[in-house]
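One-based numbering, in listed order, for ligands and for the atoms of each. Quick note: numbers below take in every heavy atom, side chains included, and nothing from hydrogens, waters or symmetry partners. Note that the numbering runs from 1 along the sequence shown for the chain. Values in this document were obtained by computation on a predicted structure and should not be read as measured data.
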Amino acid sequence: MKISVIGTGYVGLVSGTCFAQMGNSVVCVDIDEKKVKELRDGIIPIYEPGLEEMVLENYKNGSLRFTTDIKEALDFSDICFIAVGTPMGEDGSADLKYVLAVATSIGQNIKRHTYIIDKSTVPVGTADKVREVVQKALDNRNSNLTFDVISNPEFLKEGAAVEDFMKPDRVVIGADNEEALNVMRELYAPFVRNHDRFIAMDIKSAEMTKYTANAMLATKISFMNEIANICERVGADVNQVRNGIGSDNRIGYSFIYPGCGYGGSCFPKDVQALAKTSKDFGFVPKLLNAVEEVNFAQKKVISNKIIKRFGENLQGKNFAIWGLSFKPETDDMREATSIVVINELTKRGAKVKAYDPKAIKEAKKFYLKDNPLIEYKKSKYDTLDNCEAMILLTEWKEFRSPDFEEIAKRLKNKIILDGRNQYNKKRVQEKGFEYHQIGVS
Ligand SMILES: NC(=O)c1ccc[n+]([C@@H]2O[C@H](COP(=O)([O-])OP(=O)(O)OC[C@H]3O[C@@H](n4cnc5c(N)ncnc54)[C@H](O)[C@@H]3O)[C@@H](O)[C@H]2O)c1
C-alpha cells in the first residue's frame with residue numbers, strides 16, 4: 001500500500017518505519033528540515049530499541065522516504081496518517097493547531113480519494129473537525145474529491161515502541177463505513193496475524209478509547225503512590241503491600257509500582273485533556289483531577305525527603321542523580337521527574353552531577369539547558385564524588401545491580417534516595433547505607 005505519515009516524531013517515525021518493514025511504500029513528512037535532512041543522512045533523531053537498524057534498512061531499499069514536502073507525499077499515497085503532536089494548551093486541552101494545519105494541507109493537495117487517519121491522540125470530536133477542515137479546503141478548490149476520516153489511536157510505549165507496533169496488543173479503528181474499515185484491516189493484517197486483535201468501533205469511541213487507556217494507567221500509578229505515602233506514615237512497607245495485592249488476579253501486578261511520579265509526553269497531557277473535555281461537556285471529573293494532583297505532588301517527594309534530611313539551605317552541597325529520562329530505554333525527557341527534582345535542589349543552592357545512559361543530550365539541549373548548576377558525567381559512578389547522596393530517578397537496567405562498595409567509597413555520606421524502589425532495603429542497609437525508598441518508613 002502507498003502510505004504517507006505526516007509528522008515524523010516518536011509515533012510517526014516508528015509507524016512509518018514499521019509499515020515499510022511490512023512491505024508498504026512509505027513517505028514520512030516533517031516540517032522540521034533539519035530532522036528530515038538528518039534522517040536522509042542516516043541520523044535517527046530519537047532513541048528507540050531496534051529503530052535505527054529498521055530505518056536504515058528500509059531507507060536503503062527505497063520503501064521508506066523522508067521529505068518536508070507534503071504535496072509530494074500526498075501525490076504518492078492513498079492512505080495518509082496524521083501523527084503530529086497534540087501538546088497541552090494553556091487550559092489543559094489538547095492543542096489541535098498542528099492536526100488541523102495538516103488537515104488543511106491535505107484538503108489543499110490531495111488529487112484522489114484519500115483515507116485520512118488520525119493517529120495523533122485527539123479529543124472526542126476531532127475527526128469531525130478534520131473532516132470539516134479538509135472539506136473546506138476542497139470546496140475552496142472547487143473540487144469534488146471524496147475522502148474518509150478514520151480514527152486509529154496509537155498505543156505504543158516509548159522504550160518498546162517498535163516491538164509494540166510490530167506486535168500490538170490491539171489495533172483500534174474507528175470508522176463510519178465498511179470500506180474504510182476493510183482498508184485498515186488489510187493494512188494491519190500482517191501485524192495481527194497470530195490472532196485477531198483488530199477492534200473496530202465508531203469514531204468517537206475510538207477517540208475516547210485512547211484517553212481512557214492512558215487515564216486508567218495513570219490512575220493505577222497515582223493510586224499506588226497515594227498508598228505508598230500512607231504506608232510510609234503508618235510504618236508499613238508498600239513493596240510488601242504491592243506483592244500482597246498483585247497476587248489477586250482481579251488487580252494484577254502491572255502498573256502498581258510506587259515511585260516518584262509519572263512523566264512523558266502522554267499521561268500528564270492526556271489525563272488533563274480528558275478532564276478538560278469532560279468539563280466542557282458539563283461533567284466535573286473528580287477522579288481524573290485527583291490523579292494529576294497526586295502525580296504533581298509525587299514528583300516532589302524526593303526533593304522533600306532531601307530537604308527534610310539536609311535542611312532548606314543546600315548551598316555548598318552536591319547530589320548525584322542517576323537517570324534523567326522519564327522512563328528507561330528512551331531519551332525522552334518530556335515531563336520527567338528529574339526536571340522537578342533537579343530544579344528543586346538547585347534553587348536551594350545545591351549542585352548536581354547527573355548521568356543517564358541516553359538522555360543527557362536532550363537534557364543539555366532543551367529540558368535543563370538553563371540550569372548552570374548541573375554537571376553531566378559519562379558514567380554513573382563518576383557522579384558520586386564529593387556528593388551528599390545518590391538519588392535514583394529512572395529505573396535503567398544498568399542501575400539495578402550497582403557496585404555498592406564503589407558507591408560507598410565515592411560518596412561523601414553513605415546515603416541513597418531511591419525514587420523507583422530498585423533495591424532490597426535490608427541488603428542495602430547491611431552495606432552500611434542510609435536508604436530511603438518511596439512508601440517505606
Ligand atoms: N510518544 C508516544 O509515546 C505516543 C504514544 C501514543 C500516542 N502519541 C500521540 O501521538 C502524537 C505524536 O506524538 P509524538 O510523541 O510522536 O510527537 P513528536 O513531538 O515526537 O513528533 C511530532 C512531529 O510532528 C512534526 N510536525 C508538526 N507539525 C507538522 C506539520 N504541519 N507537518 C509535518 N510535520 C509536522 C514535528 O516537527 C515533530 O517532528 C501525539 O498526539 C501524542 O499524544 C504519542
Side-chain angles (χ1 to χ4, degrees), residues 4-18 27-39 44-49 51 66-74 80-89 93-109 116-123 126 130 133 151-165 168-172 206-207 209-215 217-218 262-274 325-327 329-336 362 366-367:
S4 54
V5 180
I6 321 297
T8 311
Y10 280 86
V11 168
L13 182 59
V14 171
S15 316
T17 305
C18 293
V27 183
C28 284
V29 183
D30 207 285
I31 43 168
D32 183 338
E33 287 177 15
K34 185 167 168 267
K35 188 183 267 190
V36 169
K37 185 183 177 301
E38 285 184 349
L39 280 162
I44 314 303
I46 53 170
Y47 172 72
E48 268 301 327
L51 181 64
F66 301 102
T67 181
T68 53
D69 185 356
I70 191 169
K71 189 172 174 304
E72 174 196 329
L74 293 167
C80 174
F81 281 90
I82 303 178
V84 293
T86 45
M88 190 156 59
S93 62
D95 188 340
L96 292 177
K97 64 173 181 267
Y98 303 113
V99 170
L100 297 178
V102 171
T104 302
S105 299
I106 294 172
Q108 287 166 340
N109 290 297
I116 302 165
I117 299 138
D118 283 338
K119 192 166 255 317
S120 299
T121 301
V122 288
T126 302
V130 166
V133 168
S151 168
N152 170 215
E154 182 49 57
F155 297 96
L156 62 77
K157 298 184 287 295
E158 282 180 25
V162 171
E163 203 188 325
D164 284 349
F165 199 93
D169 289 338
R170 76 296 212 189
V171 172
V172 169
E207 291 171 335
T209 298
K210 172 66 191 174
Y211 282 102
T212 307
N214 277 356
L217 294 170
Y262 60 74
S265 70
C266 294
F267 290 176
K269 98 172 157 56
D270 292 350
V271 173
Q272 288 181 56
L274 182 56
S325 57
F326 86 92
K327 68 172 182 179
E329 299 298 325
T330 179
D331 58 354
D332 197 342
M333 278 195 62
R334 290 180 279 189
E335 306 277 340
E362 287 289 295
F366 303 108
Y367 300 94

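Residues A161 and V14 share a closest heavy-atom pair of O-CG1, 3.8 Å.
Using a 4.0 Å cut-off to heavy atoms of C266, the atoms of ligand 1 that qualify are 2 (C), 3 (O), 4 (C), 5 (C), 44 (C). Using a 4.0 Å cut-off to heavy atoms of Y98, the atoms of ligand 1 that qualify are 28 (N). Under a 4.0 Å criterion applied to the non-hydrogen atoms of S120, ligand 1 contributes the atoms 10 (O), 11 (C), 41 (O). Less than 4.0 angstrom separates some heavy atom of V102 from each of these atoms of ligand 1: 30 (C), 31 (N). With ligand atoms numbered from 1 in the order given, ligand 1 contributes 12 (C) to contacts under 4.0 Å with heavy atoms of A83. Each of the atoms 32 (N), 33 (C) of ligand 1 lies under 4.0 Å from some heavy atom of I6.
Between Y10 and ligand 1, an N or O atom pair is found at a separation short of 3.5 Å. Of the polar atoms of K119, none of the N or O atoms is found under 3.5 Å from an N or O of ligand 1, judged by distance alone.
Here the heavy atom of the protein found nearest to atom 22 (C) of ligand 1 is G85 N, 3.7 Å. Closest to atom 41 (O) of ligand 1, if we only count protein heavy atoms, is T86 OG1, 2.5 Å. When hydrogens are left out, the protein atom nearest atom 8 (N) of ligand 1 is V11 CG2, 3.4 Å; that is the closest non-hydrogen contact. At the top of the distance list for atom 1 (N) of ligand 1, counting protein heavy atoms only, stands E158 OE2, 2.7 Å. Protein heavy atom at the shortest distance from atom 34 (N) of ligand 1 is I31 N, 3.4 Å. Of all protein heavy atoms, the one closest to atom 25 (C) of ligand 1 is D30 OD2, 3.2 Å. For atom 26 (N) of ligand 1, the nearest non-hydrogen atom of the protein is V84 CG1, 3.6 Å. For atom 6 (C) of ligand 1, the nearest protein heavy atom (residue, atom name, distance) is E154 O, 3.2 Å.
Rounded to the nearest 0.5 angstrom, L156 CG and D169 CG are separated by 11.5 Å. Annotation: the span from T212 atom OG1 to D270 atom CG amounts to 10.5 Å, rounded to 0.5 Å. Taking CD of E158 as the reference point, atom CD of E329 lies at 12.0 Å (rounded to 0.5 Å). With values rounded to the nearest 0.5 angstrom, E154 atom CD is found 9.0 Å from F81 atom CZ. A distance of 7.5 Å separates CD of E163 from NZ of K157, quoted to the nearest 0.5 Å. Between E335 atom CD and Y262 atom OH the span is 9.5 Å, to the nearest 0.5 Å.
Neither the backbone nor the side chain of I70 comes within 4.0 Å of ligand 1, counting heavy atoms alone. Counting heavy atoms closer than 4.0 Å to ligand 1, residue R334 contributes side-chain atoms (C-beta onward) but none from N, CA, C or O.
Between the choices K97, K269, K157, K35, the shortest heavy-atom distance to atom 39 (O) of ligand 1 belongs to K35. For the residues P153, S265, G9, S105, the heavy atom positioned nearest atom 18 (P) of ligand 1 is part of G9.
A distance-only check finds a donor-acceptor pair linking the side chain of T8 to the backbone of V29 [under 3.5 Å]. T67 places a side-chain N or O within donor-acceptor distance of the main-chain N or O of D69, the cut-off being under 3.5 Å. Between the side chain of T330 and the backbone N or O of G159, no donor-acceptor pair lies under 3.5 Å.
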task: Report the C-alpha separation of V172 and F155 in whole Å, then their side-chain angles, then the decisive distance to 0.1 Å, and conclude whether the side chain to side chain contact (heavy atoms under 4.5 Å, CB included) test is met.
output: CA-CA 9 Å; V172 169; F155 297 96; 3.7 Å; yes
- request: Could you please spell out the steps behind the side chain to side chain contact (heavy atoms under 4.5 Å, CB included) verdict for I6 and I70?
  value: CA-CA 8 Å; I6 321 297; I70 191 169; 3.8 Å; yes
